[in-house]
Student: 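So that we are looking at the same thing, I have put the structure below in structure tokens.
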Amino acid sequence: MSSPYLALPQGVSAEQFGRAIAEFRTILGEEHVITDAAVLAPYTKIMLPVADAQHAPSAAILPQDVEQIQRIVAVCNRYRVPVWPISTGRNLGYGSAAPATPGQVVLDLRRMNRILEVDPELCTALVEPGVTYQQLYDYIQERNLPLWLSCPAPSAIAGPLGNTVDRGVGYTPYGEHFLFSCGMEVVLADGQVLRTGMGSIPNSNTWQVFKWGYGPSLDGIFTQSNYGIVTKLGMWLMPAPPAYKPFVVRYPQRTDIERIVETIRPLRIAMIIPNAVVIAGVLWEAGVFVRRSDYYQGAGQIDEAAVARIMKEHDLGYWNVYAALYGTPEQIEVNWKIVEGAFKASGGEILTENEVGHSPVFRYRADLMRGNMNLQEFGLYNWRGGGGSLWFAPVSQSRGSETLKQMEMAQRILKKHGLDYVGEFIVGWRDMHHIIDVLFDRTDPVQMQSAYACFDELLAEFTAAGYGNYRTNTAFMDKVANTYGPVKRDVDRRLKRALDPNGIIAPGKSGIHI
Ligand code: ADP
């Protein structure tokens, strides 16, 4: 019982684990192998409605190069010790830095943080896992390169490699990050190093410009998976446009959402609006800078009267649409006429930087849509306080008729569990992501139970209605994998057995086990 470790990998004795740790120390040096529970604390912090112990790591190890990772996987195979790779480890609301199952060794790649190349002519970059968006942003600014990044909301502290391999998204025209990636380097479980696409051709200089290479295209199988450890990622960067025009369109009624999406879809498909359009619900907007307790002290879900007061006092729509135009001033002028006409016809109030540039809510969105660093979305966690967050993220067609019914279903289920609807719709090229942040107080055991039950019910009902989640947190990976059916699970597992027969890389990731 007196194991010196916070947790142990499944089926591995403390003695066997101790031997693996000793070998990791030989490879990495004492200071890069952490087993002390106090020092491991940053890797154990989760926002999920389950006990910390369910995701407690046994250790964290921090390699500095590919060769060390190859030696690490050899040790892992020998002792059957699994590693959970993270790049910057800020996967907040999806599991943070903690593993899917207890006892895995966190493989923290933050020391591998070189920006290997930025080509301002081809607008490409090649980065290592530990590179943060802030670091890449600074690199570009310091050299005055005419390039823009696309980053997720917690931009500054997260990184392009981790975000892309988990299929995260941003808010510029390059916001589908995996779509705009080009070439990976992957350490496989047997220690071989694979370069995808053109990266397998010796002396090739096309790794970051042509995605497909020859034969089966493999990049996708290394995203949201546990088939390899990604050590380099190529990405396409957006050339800085000569002009940029962010705007917001406000709508007062809950039911306006149907015609909002009908207005946006054709503009998105024709790429008149080239970036993913966010339709933020009032509580999402307010949550960034308002506390719930200032408006509502009653039991259960916040009521409509309090929501109306928030809208009025903070000058918010029930729905707040954010999008932008990019290009030359002439191009923007032509497209603005089309966009303005369409939104006016749908009854929205359109405001540009001239009118609302001073507002912190607008500034935050305007920054995101041009890939500037910003951390404001973390304000959402103050809405209730207590550090609980689960992202529920079903995908639908981008049609107005898909919106209200989803929202009503979510609101009803959240209400049953005493939780608020803090949501937004994001209109992609043809799809729409409905993002709901299930916020709860982790210090309150009742809310912990409610949040878990609520997420379960959201998943069951949305699945029954034909909606699948595009990404999920480490507590629900098996359940979400089940929603995609037995054939998909079987193929995932067969690939796992072929590439990682001892199951040493991230068991449980996306519900994939050997
Ligand atoms: P971010 O800090 O950008 O949110 P993370 O580093 O937390 O990203 O990575 C998100 C998830 O992606 C991790 O939990 C892990 O499952 C997976 N992941 C991250 N880096 C790698 C990698 N180098 N190889 C394989 N999977 C990775």
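Counting from 1, the numbers follow the sequence of the chain as shown. What you see is a predicted model, and the numbers here were worked out from it, not measured in a lab. We count ligands from 1, going down the list as the structure has it; atoms in each ligand are counted the same way.
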Student: Please tell me whether F476 and Y452 form a close aromatic pair, meaning their ring centres lie under 6.0 Å apart.
Tutor: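 Yes, ring centres under 6.0 Å apart.
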Student: Around ligand 1, what residues show up once you keep those with a heavy atom under 4.0 Å from it?
Tutor: W84, P85, I86, S87, T88, G89, R90, N91, L109, A158, G159, L161, G162, N163, V165, D166, G228, I229, V230, K509
Student: For H433 and Y470, I'd like to know if the aromatic rings sit close, meaning centre-to-centre distance below 6.0 Å.
Tutor: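 So the answer is yes for these two rings.
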Student: For a quick check under 3.5 Å, do N226 and W84 share a side-chain donor-acceptor pair by atom type?
Tutor: no
Student: Just to verify, what does Y137 make a ring pair (Phe, Tyr, Trp, His ring centres under 6.0 Å) with, not counting sequence neighbours?
Tutor: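 Once residues adjacent in sequence are excluded, Y137 has no partner under the ring pair (Phe, Tyr, Trp, His ring centres under 6.0 Å) criterion.
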Student: Please tell me whether Y227 and F222 form a close aromatic pair, meaning their ring centres lie under 6.0 Å apart.
Tutor: no
Student: Please confirm whether Y171 and Y322 have ring centers closer than 6.0 angstrom.
Tutor: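 Centroid separation for Y171 and Y322: 6.0 Å or greater.
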